[in-house]
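Down below is the structure, laid out as structure tokens.
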Amino acid sequence: MIQKPANARFEVAIVGLGYVGIPLAVGFAEAGCRTLGFDVDDLRIQELQSGDSPLITVSDDRIAPLIEKGLLTFTGDKRLLFESEAIIICVPTPLRTHLDPDIAFIVAAGEEIGPSLRPGMLVALESSTYPGTTREDLRKVLEEKSGLRAGIDFALAFSPEREDPGNEKSVLKEMPKVVGGLTPACLERAVELYSRAVRKVVPVSSCDAAEAVKLTENIFRFINIALVNELKRIYTPMGIDIWEVIDAAKTKPFGFMPFYPGAGVGGHCIPIDPYYLTWKAREFNLDTKFIELAGQINRSMPYYVVTQVVGALNAQGLAIHGCKILMMGVAYKPDIPDDRESPAYEVMDILREKGALVNYYDPFVPEIGPHGAPQHWMGLRSIEWNPEELSRYSVAVVCTPHHNVDYSELAAHVPLIIDACNIVPKDRKAKVIPA
Ligand SMILES: NC(=O)c1ccc[n+]([C@@H]2O[C@H](COP(=O)([O-])OP(=O)(O)OC[C@H]3O[C@@H](n4cnc5c(N)ncnc54)[C@H](O)[C@@H]3O)[C@@H](O)[C@H]2O)c1
């Protein structure tokens, strides 16, 4: 048993207030836990302190009342972490240029937390990462910076995040939470903490197993998306509509789960997490063949979409060079503003390399910011949605099927549409080509 520190001002502190950290902090506070949110981004802290949510999935009216009740406090002062009973880390885990894991944010968070650690605290990592990160890398930095021993003086655990941005049903309380501890005593503390805010906690035998759960969930998605992307490329020349096939197949009440094709995979999880395992497997002299193959297929999808554009233009005796092309959607999935790793940017890059004049429309991304897109697209603004503006384009390429977009109107004004998402009605004036 690792005794909790007495009289802690906060029951839990969340380090890293992004897509994962904000809903987690709000979820704990809504469950009645005195919660501290900490981030190194001062602007984000100011925004949250004034009750403004940067996420469309967490409305302002959930934050302000919690602040008023004293259940939720935001700070940029890491010394306040000292006053918490438990600390949960939700910082980014990107890839380096050559697809190697970059756990620098986790190490930096450990360096920040270390000096504030006191006996009895619990530290839980939620960032998606390879097995061994909590037990080896995070533990090392925490022990070095605090002089305390993990599993003896403080508890250490990993719990994967299952945030599903854009899905209103994805609330902390209802999402089963997998938890692994460094020791049984660490697990006990972590289960107790999460049980305050989550209905169902699922303990596993170790931090490594909990880390592997997250990677397994995302690798499953990554590979199945690659499979339907490949099937689309096989069925389309046969004159078979992949979406019709999937819709019919999913009526099977067992043994089939629908995944949908698209222009590739995006976001901060699916295109990244599988390579965390690939990297770790190399340490054991093992290959991750399925992951590599799925990666090849998913990464080739933007090229496939462009091939469809070139083919459709060619069929009309037109060239891509100089063609005005409108990208419909740059967010990586529908109805959210997150454009990190979005395959739409890859499509835009290839189109531009071929001489096309590319612009975009996305009601969720009014201007391309610094976090998602390659530098050269930064600052570009979404076009206005009106007939005059739409009519300037010869081709539209639909990469993100936002539900608040009027695709009939698009088809009334743009003559050729390459639809990677099966969302544009086919009975309109425009020629609609699946991609
Ligand atoms: N976005 C998702 O849907 C999702 C879902 C499941 C898991 N995850 C995982 O959760 C983790 C976080 O992802 P995210 O999407 O919330 O990232 P994000 O970029 O939206 O937010 C991360 C936040 O951490 C802050 N930060 C960075 N370094 C810090 C430090 N040293 N101390 C304090 N704050 C720091 C950043 O300023 C930022 O506000 C990643 O490992 C990701 O793979 C994300």
Side-chain angles (χ1 to χ4, degrees), residues 15-16 18-21 24 88-111 123-142 156-165 177-182 190 202 204-227 259 264-299 332-333 338 340-343 346 371-372:
V15 170
Y19 283 92
V20 165
L24 190 66
I88 301 179
I89 304 172
C90 310
V91 295
T93 41
L95 286 174
R96 297 184 198 282
T97 321
H98 298 288
L99 303 183
D100 285 354
D102 178 0
I103 62 159
F105 290 98
I106 296 179
V107 173
E111 284 169 352
V123 178
L125 177 64
E126 291 215 5
S127 305
S128 312
T129 184
Y130 53 80
T133 311
T134 311
R135 182 175 45 80
E136 294 170 351
D137 307 275
L138 181 60
R139 174 189 188 161
K140 182 166 176 272
V141 62
L142 289 174
L156 185 60
F158 181 86
S159 177
E161 180 50 51
R162 286 171 165 166
E163 173 68 14
D164 183 10
K177 198 93 178 84
V178 172
V179 178
L182 186 69
V202 183
V204 295
S205 63
S206 63
C207 295
D208 292 41
E211 287 159 339
V213 169
K214 177 68 190 179
L215 294 189
T216 303
E217 290 170 4
N218 282 353
I219 290 166
F220 177 79
R221 261 191 96 66
F222 186 69
I223 286 175
N224 278 287
I225 292 170
L227 175 65
F259 287 86
V265 288
H268 185 46
C269 296
I270 307 296
I272 293 175
D273 299 353
Y275 295 103
Y276 269 64
L277 187 63
T278 297
W279 179 84
K280 188 70 184 176
R282 270 189 239 128
E283 191 182 310
F284 293 80
N285 205 18
L286 294 168
D287 294 325
T288 50
K289 290 183 193 147
F290 254 124
I291 294 172
E292 302 286 356
L293 178 60
Q296 281 167 23
I297 295 171
N298 288 332
R299 280 198 305 276
Y332 84 88
K333 73 175 201 174
D338 190 351
R340 290 176 294 176
E341 313 292 328
S342 173
E346 184 75 28
H371 299 301

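Scope of the values below: all heavy atoms of this structure, side chains included, with no hydrogens, waters or symmetry mates.
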For this session: Please report the shortest heavy-atom distance between Pro271 and Leu95, naming the atom on each side.
Result: O-CD1, 4.1 Å
Exercise. Distance from Ser128 atom OG to Ile106 atom CD1, nearest 0.5 Å?
Worked result: 9.0 Å
Exercise. More than 12 foreign heavy atoms under 6.0 Å from CZ of Arg299: is that the case here?
Worked result: yes
For this session: Rounded to the nearest 0.5 Å, what's the gap from CD1 on Ile223 to CG on Leu227? Could you check?
Result: 9.5 Å
Problem set entry | Polar side-chain atom of Ser127 near backbone of Val91 as donor-acceptor pair, under 3.5 Å | yes
For this session: Mind checking side chain to side chain contact (heavy atoms under 4.5 Å, CB included) for Asp137 and listing every partner two or more places apart, or none if nothing turns up?
Result: Ile103, Tyr130, Thr133
For this session: Report the residue from Ile219, Asn218, Thr216 that forms a side-chain contact (heavy atoms from CB on, under 4.5 Å) with Asp273.
Result: Asn218
Exercise. So does Glu292 pair up with Lys289, basic N to acidic O under 4.0 Å?
Worked result: no
Exercise. Do the side chain of Tyr276 and the main chain of Thr93 share a donor and acceptor less than 3.5 angstrom apart?
Worked result: yes
Seminar exercise, completed: Interatomic distance, NZ@Lys280 vs CG@Asp208, rounded to 0.5 Å, equals 7.5 Å
Exercise. Nearest 0.5 Å, what's the OG1-CZ distance between Thr129 and Phe158?
Worked result: 7.0 Å
Exercise. Which atom pair, heavy atoms only, marks the closest approach of Ala190 to Ala157?
Worked result: CB-CB, 3.7 Å
Exercise. Under 3.5 Å, side chain of Glu211 to main-chain N/O of Gly132, donor-acceptor pair present?
Worked result: yes
Seminar exercise, completed: To the nearest 0.5 Å, atom CG of Leu99 lies from atom CD1 of Ile291 at 11.5 Å
For this session: Please answer whether the main-chain N or O of Ile88 pairs with a side-chain N or O of Glu126 as donor and acceptor at a distance below 3.5 Å.
Result: no
Problem set entry | Side-chain donor/acceptor of Lys214 to backbone N/O of Glu161, under 3.5 Å | yes
For this session: Answer yes or no: is there a donor N or O on one side and an acceptor on the other, between the side chain of Lys177 and the main chain of Pro160, under 3.5 Å?
Result: yes
For this session: State the CG-CD1 distance between Leu215 and Ile272, to the nearest 0.5 angstrom.
Result: 12.0 Å
